[in-house]
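Letters A, B, ... mirror the listed sequences (proteins, then strands); counts begin at 1.
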Amino acid sequence: MAKKFYILVENNTQGMAIHHLLDEKGIENHISPTPRLLTDEAPCGMSILLPHASLEMAQACLNENEAKYIKIASLDDPFEPKRDRYM
Amino acid sequence: MSDYQKMWQDLGMDMEQHDMLCQVLPSAVGDVFLSQENRPKSMDFWDLVISEVHGIRPAELIEEQKKGRKVFGTFCVYVPDEVVVAANGIVTGLCGGSQFWVPGGEAVLSKSTCPLIKASVGARLGKTCPFFRIADIYVGETTCDGKKKAYEILGEDVPLYVMDVPQMKRPQDIIKWKDEIATFAKKVEEFTGNKLTVENLNKAIHIINEKRKALARVYNCRKSKCLPISGRDALLMMQISFFDDPERCAKMCNRLADELEERIAKGISVVPEGTKRILVTGTPLAVPNWKLHNIIETSGAAVVCEEMCTGTRYFENLVDETKESLDEQFMALSERYMKTNCACFTPNRGRIDDILRMVEEYQVDGVIDCSLKFCCLYDTEKRAVSQALKAKGVPVLSLETDYTDTDAEQLRTRIGAFIEILNG
């Protein structure tokens with residue numbers, strides 16, 4: 001099962017700064033609600049989702065730019081488009 | 001979304017229940033939106049908004065209230081935003097698309113009321129939606145019997161003003177709606193403490209027209225054979241547009257439209273060539289109601305247009321910006337709003353004509369006409385919609401659903417079979 005990686009942040013400002021930084025460097029990333037399994041580790045409702053292929057490049061970019069974030073956490077692919085569990 | 005705990009507490013929300021509601025959001029957003037491949041990059045704005053749907057915009061509204069601005073919560077595309085904006089008020093849509101709120105609504109309403117109404121009442125009374133807590137006044141309208149009765153209940157709990165929408169579209173009805181808008185304007189002036197002038201109303205008309213044009217630009221891109229955006233993403237954009245600041249909404253929609261136009265020029269589509277194109281018509285899909293679109297698009301078809309209040313009815317037709325007196329401006333507003341073809345009108349041939357036109361414009365292969373349970377108006381119009389489409393040789397599937405997940409498998413079977421027929 002493919003893993004998904006989430007950059008957990010303190011707040012939206014931190015999250016958006018990372019999103020723009022990764023975009024600028026052409027590293028695929030997406031804004032995501034913080035998965036419920038990870039909310040104990042992060043106070044912010046949004047996180048930055050990375051596909052596996054972006055992980056190493058993103059880590060290097062965050063280090064190089066001394067970006068502030070809490071941690072990078074991973075989950076086994078949490079998406080099931082046909083789960084049909086709506087709100 | 002624990003970032004906003006203090007704000008929600010200050011709003012008097014039921015924190016425990018609200019937390020239960022928020023639990024479902026990440027997986028639902030992941031399954032419906034983030035699981036898609038090749039989404040437009042500009043969707044990052046709406047991904048952010050939906051990630052913090054009960055945080056970012058509510059916090060902005062509260063900040064504006066501190067400056068003395070009033071927030072008007074609305075339920076329907078017939079309420080003229082322009083009048084509120086002209087008086088320096090803010091319009092926000094009110095939630096009503098989740099099963100979570102339905103039991104709370106059923107505690108005070110008949111069970112045979114549509115889920116949209118039950119959810120709206122449940123969201124207010126259950127204290128689990130910040131928008132319902134923040135709005136200084138609700139503006140209702142008489143577009144269905146269920147809502148009229150629900151407003152009587154909501155009115156016991158919050159200031160509520162109801163606009164009387166005509167039920168026909170004769171010349172005298174357009175004048176009646178103009179007078180109703182003028183009366184509403186007086187209420188807005190009194191509530192905000194700000195006078196309407198020709199200048200501020202003209203400016204507001206322009207702002208809302210620009211928002212409509214931006215939404216229309218995105219929809220125009222969906223007319224292309226090369227489909228640059230999924231129906232799910234377009235629906236999310238549309239749902240959020242009811243809550244956002246209108247000028248920012250226009251800016252973000254125009255940014256998205258720029259990207260979609262570029263995608264079309266480069267031949268970038270979100271679906272393989274030959275994917276069947278579906279027009280969805282019927283009752284509105286209030287946020288976070290994504291069930292129908294998700295089932296259609298994970299069954300091998302693509303939604304290219306929504307002929308509904310959370311769709312074309314929200315942005316089609318502009319208000320004339322050239323009028324020079326308030327009376328003329330109210331008439332211009334009435335003329336534009338009365339072109340919206342809601343099933344509350346009789347006769348309502350205009351909606352049939354709209355659907356037939358959109359089938360051509362959006363190069364549609366099949367129509368799914370879906371109404372919420374207990375919506376007698378749209379349910380009854382299915383017959384006329386179906387007859388008109390069949391006469392033109394357009395396949396149509398009529399459905400009824402609610403907000404529960406329990407009929408998802410049944411919907412998958414019926415929608416899957418419909419798409420199979422379209423695929424021949």
Side-chain angles (χ1 to χ4, degrees), chain A residues 1-54 70 73-87, chain B residues 1-5 19 21-37 39 41 43-56 59 95 97-101 119 232 287-295 297-299 403-412:
Chain A
M1 188 181 279
K3 278 189 180 297
K4 299 276 188 219
F5 296 86
Y6 293 86
I7 306 175
L8 306 181
V9 293
E10 295 283 354
N11 50 48
N12 294 333
T13 313
Q14 217 173 65
M16 289 312 289
I18 290 174
H19 175 61
H20 292 312
L21 174 66
L22 297 177
D23 275 358
E24 211 176 275
K25 304 290 179 188
I27 300 168
E28 186 184 343
N29 73 99
H30 306 277
I31 297 168
S32 164
T34 305
R36 203 66 190 179
L37 288 170
L38 303 175
T39 49
D40 285 347
E41 302 176 67
C44 185
M46 64 96 72
S47 55
I48 302 296
L49 170 66
L50 298 171
H52 197 289
S54 294
I70 297 171
S74 69
L75 288 178
D76 287 333
D77 192 346
F79 305 148
E80 289 180 42
K82 293 187 180 181
R83 183 183 349 227
D84 290 327
R85 176 109 197 276
Y86 304 97
M87 292 185 70
Chain B
M1 290 195 276
S2 49
D3 228 353
Y4 297 102
Q5 298 282 338
D19 191 57
L21 171 65
C22 292
Q23 279 181 21
V24 196
L25 180 83
S27 63
V29 170
D31 291 348
V32 176
F33 300 102
L34 300 174
S35 63
Q36 297 175 62
E37 299 287 333
R39 299 172 72 212
K41 185 69 191 149
M43 285 306 297
D44 58 3
F45 169 73
W46 288 277
D47 289 342
L48 172 65
V49 175
I50 198 66
S51 295
E52 296 274 43
V53 68
H54 279 181
I56 295 175
C95 303
S98 171
Q99 176 62 22
F100 185 84
W101 294 310
R232 282 166 285 180
V287 72
N289 183 4
W290 305 313
K291 178 166 72 172
L292 185 64
H293 277 51
N294 193 53
I295 290 175
E297 295 199 326
T298 54
S299 300
Y403 293 164
T404 62
D405 300 340
T406 49
D407 67 350
E409 233 7 85
Q410 189 191 19
L411 287 173
R412 280 199 178 278

Against chain B, residues from residues 6-16 of chain A with at least one heavy atom under 4.5 Å, in numeric order, are A:Glu10, A:Asn11, A:Asn12, A:Met16

Within residues 79-87 of chain A, contacts to chain B at heavy-atom distances under 4.5 Å involve A:Phe79, A:Glu80, A:Pro81, A:Lys82, A:Arg83, A:Asp84, A:Arg85, A:Tyr86, A:Met87

Side chains of A:Asp23 and B:Lys41: closer than 4.5 Å at any heavy-atom pair? yes

A side-chain contact here means heavy atoms from C-beta on lying under 4.5 Å apart; do A:Pro33 and B:Leu34 qualify? yes

Strictly by modelled atom types, are A:His30 and B:Asp47 linked by a side-chain donor-acceptor pair under 3.5 Å? no

Nearest 0.5 Å, please: how far is CD in B:Glu52 from CE in A:Met46?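 The CE atom of A:Met46 sits 7.0 Å away from the CD atom of B:Glu52.
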
Interatomic distance, B:Leu25 atom CG to A:Thr34 atom OG1 [nearest 0.5 angstrom]: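 If I round to the nearest 0.5 Å, the distance is 10.0 Å.
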
Between [options], which has the largest tally of heavy atom pairs under 4.5 Å with chain A?
{"options": "B:Asp44, B:Ile56, B:Val24", "result": "B:Asp44"}
{"options": "B:Asn289, B:Asn294, B:Val32, B:Val29", "result": "B:Asn294"}
{"options": "B:Ser299, B:Ala408, B:Gly97, B:Gly30", "result": "B:Gly30"}

Contacting region of [X] [heavy-atom separation from chain A under 4.5 Å]:
{"X": "B:Asp407", "value": "neither"}
{"X": "B:Arg412", "value": "side chain"}
{"X": "B:Leu21", "value": "both"}

Counting only heavy atoms from other residues, nucleotides and ligands, does the tally under 6.0 Å from CD of B:Gln23 exceed 12?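 Yes, enclosed.
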
Tell me the closest heavy-atom pair linking B:Ser51 and A:Ile31, and the distance in Å.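 So the two residues come closest at OG-CG2, 4.0 Å.
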
